[in-house]
Amino acid sequence: MERIAYLIKHRFPSVFRFIETLARMVTALRYGRSAQRALSQARIEGQVRGAPAVIRPLNLSDAVTLHEFLNRLPEEHVEHFHPHGFEQQVLGSIIQSRAYMTYGLFVDEELVGYALLKLAPTGSAYIGRLLHPQYAGMGLGSLLATYLYWQASTAGLRPRSTISKQNEASLGSHRAAGSFRVVSELPNDYLLIEFPSEQRDAPALDIQ
């Protein structure tokens, strides 16, 4: 079903927008409570290279900060990241939506990473994450992936992702975080992949 949704999204975008609106309503009804339960446990604190750090759910007051973070990233850095628009109003609605679970990685109180789960009425949770280039190569990409697997499993959802075969950095961080299986190949050189949905513990936020 999700492969069909992907095809509709890219071939009939106006139809997809209507379907997506209905899907969000169904998703909120089916998984809203379990998502909120996971979000209530989502805050983890630690350190990154000696600086205090925290990963926590985003709230509406973070929309301006998230807008600034996303729009100052290099264009090539967001080439494969299109789960939603980057306009401030859109970001506010995404943060408030019960069909999304959104998180920020803050180091010294500065937003340096964004992660999300986009929930589907089928029980899948689609993973997305971005790091500021300054924080690449530290293992934070794999940490955010593990964090999202944990949040998805806590909410009783199957963690999945659509990922470009050309996005070696993202594929590499998923491999480092754990195993996954390819569910199907998608148009435009993309893969639909799924991660084990066994019960997980919260990862430690400790980057030396």
Side-chain angles (χ1 to χ4, degrees), residues 1-9 16 19-46 54-60 62 66 81-84 91-106 113-130 140-163 170-171 173-184 186 190-205:
M1 180 180 293
E2 284 147 345
R3 186 177 190 280
I4 294 172
Y6 179 90
L7 294 174
I8 292 173
K9 177 180 179 180
F16 179 79
I19 294 173
E20 187 175 41
T21 299
L22 293 178
R24 287 183 186 181
M25 294 171 61
V26 174
T27 299
L29 288 171
R30 291 193 68 187
Y31 300 107
R33 288 186 179 180
S34 58
Q36 288 303 309
R37 183 173 62 250
L39 287 167
S40 71
Q41 306 171 40
R43 183 184 180 95
I44 62 172
E45 299 181 6
V54 60
I55 304 175
R56 63 165 176 81
L58 296 177
N59 54 59
L60 187 57
D62 295 310
L66 180 58
F81 187 82
H82 305 288
H84 51 66
L91 296 174
S93 67
I94 293 298
I95 290 171
Q96 290 185 296
S97 173
R98 295 177 70 192
Y100 286 84
M101 300 164 70
T102 58
Y103 313 87
L105 165 63
F106 295 83
Y114 171 49
L116 69 106
L117 293 169
K118 183 178 181 180
L119 314 187
T122 55
S124 296
Y126 283 86
I127 287 171
R129 67 225 150 84
L130 278 176
L140 281 166
S142 297
L143 174 66
L144 284 177
T146 302
Y147 176 89
L148 291 172
Y149 305 159
W150 163 62
Q151 276 287 285
S153 69
T154 302
L157 298 162
R158 297 190 308 274
R160 285 185 163 188
S161 182
T162 55
I163 187 166
S170 188
L171 282 168
S173 64
H174 279 306
R175 290 190 186 102
S179 61
F180 61 80
R181 70 182 183 92
V182 177
V183 177
S184 64
L186 303 172
Y190 271 73
L191 299 172
L192 173 60
I193 60 177
E194 182 173 301
F195 311 93
S197 54
E198 72 267 11
Q199 192 61 42
R200 299 169 180 267
D201 295 325
L205 177 54

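Residue numbers start at 1 and run along the sequence shown.
A donor-acceptor pair is defined here as one N or O able to donate and one able to accept, closer than 3.5 Å; such a pair exists between the side chain of Thr154 and the backbone of Trp150. Listed for the Arg129 side chain is a donor-acceptor partner under 3.5 Å among the backbone atoms of Gly141. Although no hydrogens or angles enter the test, the distance criterion places a donor-acceptor pair under 3.5 Å between the side chain of Tyr147 and the main chain of Ala42.
The minimum heavy-atom distance linking Gln151 with Gln41 is given by the pair NE2-C, 4.5 Å. Residues Leu116 and Pro83 share a closest heavy-atom pair of CD2-CG, 3.8 Å. Taking each heavy atom of Pro203 and Ile44 in turn, the nearest pair found is O-CD1, 3.5 Å. Pairing each heavy atom of Gly128 with each of Leu148, the nearest pair is O-CD1, 3.7 Å.
Annotation: side chain of Leu192 is in contact with side chain of Tyr126 (closest heavy-atom distance under 4.5 Å). Residues Leu91 and Leu58 fail the side-chain proximity criterion, which asks for heavy atoms closer than 4.5 Å. Proximity of Thr122 to Arg160: side-chain heavy atoms (C-beta onward) are nowhere separated by under 4.5 Å.
If you take CG on Leu39 and CG on Asn59, they are separated by 11.5 Å, rounding to the nearest 0.5 Å. The CZ atom of Arg98 sits 14.0 Å away from the CZ atom of Arg30 when rounded to the nearest 0.5 Å. Note: Leu117 CG to Ser161 OG = 10.5 Å, rounded to the nearest 0.5 Å. The line from CG of Leu105 to CG of Leu130 is 12.0 Å long, rounded to the nearest 0.5 Å. Interatomic distance, CD1 of Ile95 versus CG of Leu66, reported as 5.5 Å (0.5 Å rounding). Note: Glu45 CD to Ile55 CD1 = 11.0 Å, rounded to the nearest 0.5 Å.
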Pair Tyr114-Leu144, side chain to side chain contact (heavy atoms under 4.5 Å, CB included): steps then yes or no: CA-CA 9 Å; Tyr114 171 49; Leu144 284 177; over 6 Å; no

